[in-house]
Amino acid sequence: MSKGIFGGLFDFNKDGKMSAFERASELGFLHHMMESEKAEGTATDTGFGFSDDDDDEADKSLELMASGLDEVELSLMDEDDRRIALEDAGLDPDDFGFLDDL
């Protein structure tokens with residue numbers, strides 16, 4: 001059984017073997033990732049339209065869900081009510097400024 005660099009991620013037909021096309025796809029993806037990092041000169045942009053800021057917002061969204069708060073509902077609240085709701089949940093309201101943009 002041949003696993004590629006990324007395990008079986010590029011084993012598209014799930015037969016446990018890496019065909020020439022699957023290996024080429026895997027290497028093409030790896031090459032693209034390396035070239036994107038080299039061109040940007042920074043690790044903050046992955047080359048796929050996502051950045052570390054997107055990860056931060058996703059983490060904050062998960063924090064909201066874990067606290068039982070609804071992101072959309074919070075975005076519709078006025079700033080003072082939202083601040084109170086976040087503080088009551090034990091969260092720092094200053095970390096959730098992205099809710100203003102929803």
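The first residue of the sequence shown is numbered 1, and numbering continues consecutively from there.
If you chain together hydrophobic residues whose side chains sit under 4.5 Å apart, Phe98 and Leu69 fall into the same group. Tracing side-chain contacts under 4.5 Å through hydrophobic residues (I, L, V, M, F, W, Y), one reaches Phe29 starting from Leu27; they form part of the same cluster.
Across all their heavy atoms, Lys14 and Gly8 have their closest contact at NZ-O, 3.7 Å.
In this view, Leu30 and Ile5, Phe6, Met34 satisfy the side chain to side chain contact (heavy atoms under 4.5 Å, CB included) rule, not counting sequence neighbours. Scanning for side-chain hydrogen bond (donor to acceptor under 3.5 Å, both in side chains) contacts around Ser67 gives an empty result, with sequence neighbours left out. In this view, Glu63 and Lys60 satisfy the salt bridge (charged side-chain N to carboxylate O under 4.0 Å, His left out) rule, not counting sequence neighbours. Under the side chain to side chain contact (heavy atoms under 4.5 Å, CB included) criterion, Met77 pairs with Glu73, Leu74, Asp81, Arg82, Ala85, sequence neighbours left out. For the salt bridge (charged side-chain N to carboxylate O under 4.0 Å, His left out) test, no residue two or more places apart in sequence or in another chain qualifies with Asp78. Among residues two or more places apart in sequence or in another chain, the side chain to side chain contact (heavy atoms under 4.5 Å, CB included) test is passed with Glu22 by Asp11, Phe12, Asn13, Met18, Ser19.
Between Ser75 atom OG and Phe96 atom CZ the span is 13.5 Å, to the nearest 0.5 Å. Here the CG-CG distance, from Asp95 to Asp59, works out to 11.0 Å after rounding to the nearest 0.5 Å.
Between Arg83 and Asp94, at least one side-chain N (NZ, or NE/NH1/NH2) sits under 4.0 Å from a carboxylate O, which counts as a salt bridge.
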